[in-house]
4 protein chains.
Amino acid sequence: MPRNLVRDQQLREERRKQILDAAAHVFATRGLLTKISDIAAGAGLSHGHVYNYFKSKEEILLAVIERGQLRYGKILRAAEEVEGNAADKFRYLARRSLPSASSADIYLVLLQALFTDLLEEEDKRVIRGRAKANLGILLALIEEGQQDGTVMQGNPIQLATLFGTLIQNLMLMEMRGYAPATEETIELLIRMLGPCP
Amino acid sequence: MPRNLVRDQQLREERRKQILDAAAHVFATRGLLTKISDIAAGAGLSHGHVYNYFKSKEEILLAVIERGQLRYGKILRAAEEVEGNAADKFRYLARRSLPSASSADIYLVLLQALFTDLLEEEDKRVIRGRAKANLGILLALIEEGQQDGTVMQGNPIQLATLFGTLIQNLMLMEMRGYAPATEETIELLIRMLGPCP
Amino acid sequence: MPRNLVRDQQLREERRKQILDAAAHVFATRGLLTKISDIAAGAGLSHGHVYNYFKSKEEILLAVIERGQLRYGKILRAAEEVEGNAADKFRYLARRSLPSASSADIYLVLLQALFTDLLEEEDKRVIRGRAKANLGILLALIEEGQQDGTVMQGNPIQLATLFGTLIQNLMLMEMRGYAPATEETIELLIRMLGPCP
Amino acid sequence: MPRNLVRDQQLREERRKQILDAAAHVFATRGLLTKISDIAAGAGLSHGHVYNYFKSKEEILLAVIERGQLRYGKILRAAEEVEGNAADKFRYLARRSLPSASSADIYLVLLQALFTDLLEEEDKRVIRGRAKANLGILLALIEEGQQDGTVMQGNPIQLATLFGTLIQNLMLMEMRGYAPATEETIELLIRMLGPCP
DNA sequence: AATGAATGAGCCTTCATTCAT
DNA sequence: CATGAATGAAGGCTCATTCAT
């Protein structure tokens, strides 16, 4: 039966993913007040069963955040590979951060999680570490843009930080009573980053 | 009536303010998971006493948000009055939004509150309404800047939204693992907004 | 100043009466869930001040019950003195127990109080003792009626109990969704008690 | 679905009944001051679990009252079916209302509930409606008795009200310091209702 | 005396987590 | 594996009681 074990493992992994998907959605929708039973309902299973895959709500939250950060990192690396100049890469990045892209909606949860004492300080440290790693990629893109003349001069870290803030907030605009972000918004953003020739 | 009614009223008002200050701080620090007893402790009184000033936790949250939005509006109007061109006004605005300025730290609470069903839909509507009013002031500033040549051309609403997002996030940068905002950040921000002559 | 002391004592007694009146009304209206502040409001003073006259809510409740029972006893003794036969005395008794007569509305409070552990067992014993004393008077009336031929034969204690139950419930009829008691009801009651010649 | 759904449903129903039984007892014993934890303890489960069956204390109270009223209605209808004349039916009715019959002990709770603002006015309306329906049955019995000569003449509604009051108070007699009701009491009651030939 | 600010015990209710089936 | 019954810790809120003014 080793075959079954492999298959079991796959099923198990699928389930975990299912739960995390639901959790990401619910966390992003209701914040940290999210209940285990909401997650379970979203994943289509009983709340008790969730504990066969994660040992606590905290673990789920951590997993959701980790996945969100890793995905964001993946998008960042994908942006690096985009054909064209740095502006094109930022354009790609911003587009992937629009509300329709599910990958971004975890960002607010992360923000909240860094507050509360729901998470251990150690966990927060890890999360900040990943954030810094992601910022590093953004930083490289900024510097590339300053080289190829599509990004203004200035402290790259500051620029990366500002740009990072912006794209992660794109999806939240509507929620905050502002107009939702569109392609037009993205073009403006690119121009804002741009140099004055 | 052996009491001094006028004085009592003043004390009462002070207490309310005291509670709101504590609440703002704790909400900003621990998010919606904030306990009434945390607020009470922060204000230096017993949890039961809080209910002599506010009739529920929800009411406190609403008051905190309202006050935060009104203060932000006040800052916006103060910025309008600043001597100089639009860039100077934005500079002023950004400076007042740095972490050291306590008035801004409510913004994240607001963001969280718009999620959850902790608040009635009606309350959320009111909050979004005030946000829109504030955006209107920012909008006027943007248009002024486009007139006096210190702000780039482009859809003013979009620009206002982007800028609003940025300044409200200044204080959160550090928290999110990025470098904290400084005067240098502000200058970059002003240049980003600026036109290409 | 002994005159002042006397006067003070009178005022104090008046105040106590005021509070008990309010308490009786509120207890009869809202049951044991009655709050001290309701009583205070009813008596037109601050809740804190009540404690200058009674040392606890329990003491007030006991006083209200005692007064109610004593008044009922007084009514019973007044009935004994009524001119005419026993039927006339019962008629008088029933009339004084109609809803309009405030003396009866405490009966339900008493009923509730005998339940809960809000009262010490010792207090309950005292209350039951007074109830028994009152029943004794009723018993005498019943026996008088059996003598003068206006009350049916049968165990006088049973009859007294049944009649006591009835008149104390007269005021509650309306509350329980039944038709309110009237003079007609009273006449029926007298006839029910009456013998078959 | 490894569970036996039908069985689960049965168990669930049993549990509900268990809780209601406990609640009826405790409410009848301690009045509206009854704590959820008392009910839970009475039913042999944890307080939290009670909320898996009822969503609030108020709902439990309402259910207890409803059940009590329905049971009383059932007894009334059973009395209607008793062989014999109306007196026999009343006898049956009174017997079923003695303290030993658990079905009646809810009446006092009902009485208390009609006070307080613990219940919505709407709920009280419903309760009064059911009381009126039950009174209707009693009314029919009275009229039957007036026909077959076992009940005195007079306004049937008044008679029904008086009789209803009496039988519902039978169980409370002892509690109020009076002699407890017995078969002898019941016979007296029947005679009181009877006509004078 | 008189007020109402202040406290904290206590109850209702929710929900993470465990566990029997 | 799956379910949901069951528990109990924790937090919101009320209100009796005390006390400074």
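The chains referred to below are lettered A, B, ... by the order of the sequence lines, with proteins before strands, and numbering in each begins at 1.
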Stems involving DNA chain F, each a run of at least 3 consecutive Watson-Crick or G-U pairs under 3.5 Å: E:2-21 with F:2-21
Sugar-phosphate only, base, or nothing, as touched by B/Y53 at under 4.0 Å among non-hydrogen atoms: sugar-phosphate
Between atom [atom1] in [X] and atom [atom2] in [N], what is the gap in whole Å?
X: C/L33; N: E/dC12; atom1: CG; atom2: C1'; answer: 14 Å
X: A/I36; N: E/dT17; atom1: CD1; atom2: P; answer: 6 Å
X: D/E58; N: E/dT13; atom1: CD; atom2: C1'; answer: 14 Å
X: C/F54; N: F/dT18; atom1: CZ; atom2: C1'; answer: 18 Å
X: A/R7; N: F/dC1; atom1: CZ; atom2: C1'; answer: 14 Å
X: D/L11; N: F/dT3; atom1: CG; atom2: P; answer: 18 Å
X: D/L118; N: E/dC12; atom1: CG; atom2: C1'; answer: 12 Å
X: B/I60; N: F/dG11; atom1: CD1; atom2: C1'; answer: 13 Å

Phosphate OP1/OP2 of F/dA5: any D/R15 side-chain N/O under 4.0 Å: no
D/Y51 vs E/dT14: side-chain N/O to OP1/OP2 distance below 4.0 Å: no
Donor-acceptor side-chain pairing of C/Q9 and C/R12 below 3.5 angstrom: no
With side chains defined as the heavy atoms from C-beta onward, is the minimum distance between [X] and [Y] less than 4.5 Å?
X: C/R16; Y: C/F54; value: yes
X: A/K17; Y: A/R67; value: yes
X: C/I127; Y: C/L119; value: yes

5′-ward residue of the pair D/G44/C/K57 relative to DNA chain F: D/G44
B/T34 vs C/K55, nearer the 5' end of DNA chain F by closest nucleotide: B/T34
With [X] via side chain to side chain contact (heavy atoms under 4.5 Å, CB included) - residues at least two apart:
X: A/A43; value: A/I19, A/A22, A/L45
X: A/V26; value: A/R30, A/T34, A/D38
X: B/S56; value: B/E58, B/E59

Side chain of A/N52 - closest among F/dG12, E/dA16, F/dT3: F/dT3
D/E122 bridged to D/R125 by N-O distance under 4.0 Å: yes
5' priority, DNA chain E, between A/S56 and C/R12 [closest heavy atom]: C/R12
Residue pairs passing the ring pair (Phe, Tyr, Trp, His ring centres under 6.0 Å) test where at least one lies in residues 30-53 of chain C, sequence neighbours excluded: C/H49-C/Y53
Distances for protein N/O vs nucleotides 8-10 of chain F N/O pairs under 3.5 angstrom?
{"unit_1": "F/dA9", "atom_1": "N6", "unit_2": "D/H47", "atom_2": "NE2", "d": "2.9"}

